[in-house]
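In what follows, a structure is listed as C-alpha cells, so that the remarks can point back to it.
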Number of protein chains: 2
Amino acid sequence: MSVAIENFVKAIYNNEKHDIANTKPGNIASKLGISSAAATDMAKKLDTKGLLNYEKYQKLRLTKKGEKMALNVVRKHRLWEAFLHKTFDMSLHEIHREAELLEHETSDFLAEKISAYLGNPKFDPHGDPIPNANGEITTKDTSIALINANENKDYIISRLISTDKEFFEFCALNGIKYGNKIAVKKQFKNSQMTQIIINTNTIVLNQDFTQIIYVNEIN
Amino acid sequence: MSVAIENFVKAIYNNEKHDIANTKPGNIASKLGISSAAATDMAKKLDTKGLLNYEKYQKLRLTKKGEKMALNVVRKHRLWEAFLHKTFDMSLHEIHREAELLEHETSDFLAEKISAYLGNPKFDPHGDPIPNANGEITTKDTSIALINANENKDYIISRLISTDKEFFEFCALNGIKYGNKIAVKKQFKNSQMTQIIINTNTIVLNQDFTQIIYVNEIN
DNA sequence: TTATATTTTTAAGTATGCTTAAAAATTTTT
DNA sequence: AAAAATTTTTAAGCATACTTAAAAATATAA
C-alpha cells in the first residue's frame, strides 16, 4: 500500500488513542500537513477499499482491516526506534525522524529480524507499546500523566508522548528517560507546576511537559 | 529527490559500468520495468534538472551532479547490504531486496551511523565497492571474470555480480562467498565450463556462473 | 434561536510518473 | 544502397495525491 495511505490510517489510529472525539478529516489533515479537501478525498477512497467507514460530516472510524494496517506500520515504526536507539545510540528525536521514513519500506520479514534481534521487545524507547506480528498489543497501560501524580510518591517514567526535538533534548540533559525513577515532591496547583527529584536533582516542570510525561507509581 | 529519479540515475550509473554502449532510454526502461516512452520523458526532465545530458537518439550521460546523486544512492544500498548481512545474517538475495527499498529512505546522517558501526567498510558482501560520503570510490578493481581465469592458479573470490536468488542459493551451498579462496583446475574451452576446487570439493561451473563470479589471483 | 464562526465537502485544476499507439529515426540485414 | 527490423520519440491519456476557492453543512455564541 502507498505511503500516503499508510500514513493516513496511522494518523487515524494515533488520533483515536488521544482525541477520538475529533477524528475528522480536518484534524487528520492538519496532522499530516495536507488540506482538508485532500483528507476528505482520501477518506472516501479508503472507505471503498474497506479500510475505514466514511460518512459525510461524521468522524472517521477504522475498520478491523484498517486498524490492522495501522498497527503493522506502528509496529515497524517502534521496532526501528528501538533498534536505532540501541544499535546507534541515536536520540529520541533522531530515531523518530528516521523511523518515520523507514517504516514504509520495511518488509514483514525484516521487521521479524529486527524484533528477534532485540529480543522481541514490548516497548519502544518512548515507552510506547510495540504491537506483535499479528497487530496485537498485549501489554496494559496503567500510567498517568505526571501532572496528575501524587505528592511525595515515587514513580517510574513509562512514556514520553512527543515528537519534539527540544523536549527530548531537555529530557536527555535531565535524565528523564523511559524506565528511570523519579520522586514527585510538590504539585503547585495554581501555577500548574510540578516539582520532582531525579538523580538527586530537583527540577520544576510546567504543564507543557507534565502532560506528556507519563509515569507508573512504585508500590 | 523522488524514488523514481533516484532509481533512474542509479540505473544509468550501473549501466555505464557494464554496458556503456547501450545506455539509452529503451535499455534503462527495461531494467526499471517501465516503458521506453516513460524513460524518454524522464530523461528530458532530468536534463532540465542538470542531472544528465539528453540529446535525441543519443546515449544518456550523467552529469557530475547526476553521478553524485547515483553514488549517494549506491552508497546507501551497499551499506544496508553490508549491515543486514552482518547484523541479521541475511542471504545475499535478501539483503539486495531489502536494500533496494531502504536506500531511498535513508538520510545521510543515518548512512554515516551505519558506516561507522561497520568500521567504514570499502566493500559490500557482493564485493562491490562502497563509495565514501563524498561519492568517491577509492578502491581499484583488478578482478577478472572466472571464465577468464588461468588453469592451476589460486584465486580469491572478489565479486558476485548478480541479483538472482537461485544463484545466491547455489553460492551459499558451495562456499562461493566474497573473500573465499578457490583453485581453478581446468577451463573446458569448447563447452565453456570451468572446474574449480573449493573447500576440498571439486565443482564444475558453466558460463552463466563464471561470467558473474569475479576473482583476484593470489600472488 | 438566530447570527456567526468553523469545518467539511464539492469542484476544478496541477504535477508526477506512468501507459498505449503510432510516427519518426536509427540500425541491421540482405 | 535499399529493405526490413528495431528503437526512440511524440501524442494522448490515466491514476495518485495533492492544491485552491467556493458552497454546504455543522458547531458555537450572542
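Note that the coordinates shown come from a computational prediction; the quantities given were computed from them, not determined experimentally. Lettering of chains follows the sequences in order, A, B, ..., and the numbering in each one begins at 1.
- The phosphate of C:dT10 has OP1 or OP2 within less than 4.0 Å of a side-chain N or O from A:Lys44.
- Closest to the side chain of A:Lys56, out of D:dT9, D:dC18, C:dT10, is C:dT10.
- Between the P atom of D:dT8 and the CD1 atom of B:Ile28 lies a distance of 10 Å, rounded to the nearest Å.
- Here B:Lys45 does not reach the OP1 or OP2 of C:dA15: none of its side-chain N or O atoms lies under 4.0 Å away.
- Here CG of B:Leu118 is found 5.5 Å from NZ of B:Lys86. Values are rounded to the nearest 0.5 Å.
- With 3.5 Å as the limit, one finds a donor-acceptor pair spanning the side chains of A:His104 and A:Asn7.
- When the P atom of D:dA17 is taken as reference, atom CD of A:Glu6 falls 11 Å away, rounded to whole Å.
- Between the P atom of C:dT28 and the CG atom of B:Asn22 lies a distance of 10 Å, rounded to the nearest Å.
- Protein atom CG of B:Asn7 is 17 Å distant from nucleotide atom P of C:dT16, rounded to whole Å.
- Among the nucleotides D:dT9, C:dT10, C:dT19, the one closest to the side chain of B:Asp41 is C:dT19.
- The phosphate of C:dG17 (OP1 or OP2) has a side-chain N or O of B:Ser2 nearer than 4.0 angstrom.
- Ranking D:dT8, D:dT19, C:dT19 by closeness to the B:Thr40 side chain, first place goes to D:dT8.
- The side chain of B:Met42 sits closest to C:dC18 out of C:dT9, C:dC18, D:dT9.
- Annotation: B:Tyr214 is not in aromatic contact with B:Phe123 [ring centroid separation under 6.0 Å not met].
- Residue contacts shown for A:Ala38 include a base, since a base heavy atom lies under 4.0 Å away.
- The interatomic distance linking A:Lys24 (NZ) with C:dT6 (P) rounds to 15 Å, in whole Å.
- Between A:Ser36 and B:Asn27, the one whose closest nucleotide on DNA chain D sits nearer the 5' end is B:Asn27.
- Taking only side-chain atoms of B:Ile5, from C-beta outward, the nucleotide of C:dT20, C:dC18, C:dG17 with the closest atom is C:dG17.
- When each of D:dT9, C:dT16, D:dA25 is scored by its nearest atom to the side-chain atoms of A:Tyr57, the top-ranked nucleotide is D:dA25.
- Between A:Ser35 and D:dT19 there is a side-chain N or O to OP1 or OP2 distance below 4.0 Å.
- We find that CG of B:Leu46 is positioned 9 Å from P of C:dG17, with the value rounded to whole Å.
- Nucleotide C:dA15 holds its P atom 12 Å from the NZ atom of B:Lys49, rounded to whole Å.
- Map B:Ala37 and A:Glu55 each onto its nearest nucleotide of DNA chain C; the residue landing nearer the 5' end is A:Glu55.
- B:Gln58 places its CD atom 11 Å from the P atom of D:dT8, with the value rounded to the nearest Å.
- The salt bridge (Lys or Arg N to Asp or Glu O under 4.0 Å) test with B:Glu103 singles out one residue from B:Lys10, B:Arg75, B:Lys76, and that residue is B:Lys10.
- The distance from atom NE2 of A:His126 to atom CD1 of A:Ile212, rounded to the nearest 0.5 Å, is 10.5 Å.
- Listed candidates were C:dT9, D:dA17, C:dT8. Nearest to the side chain of A:Tyr54 is C:dT9.
- A:Arg61 contributes atom CZ, which lies 4.5 Å from atom CG of A:Asn53 (distance to the nearest 0.5 angstrom).
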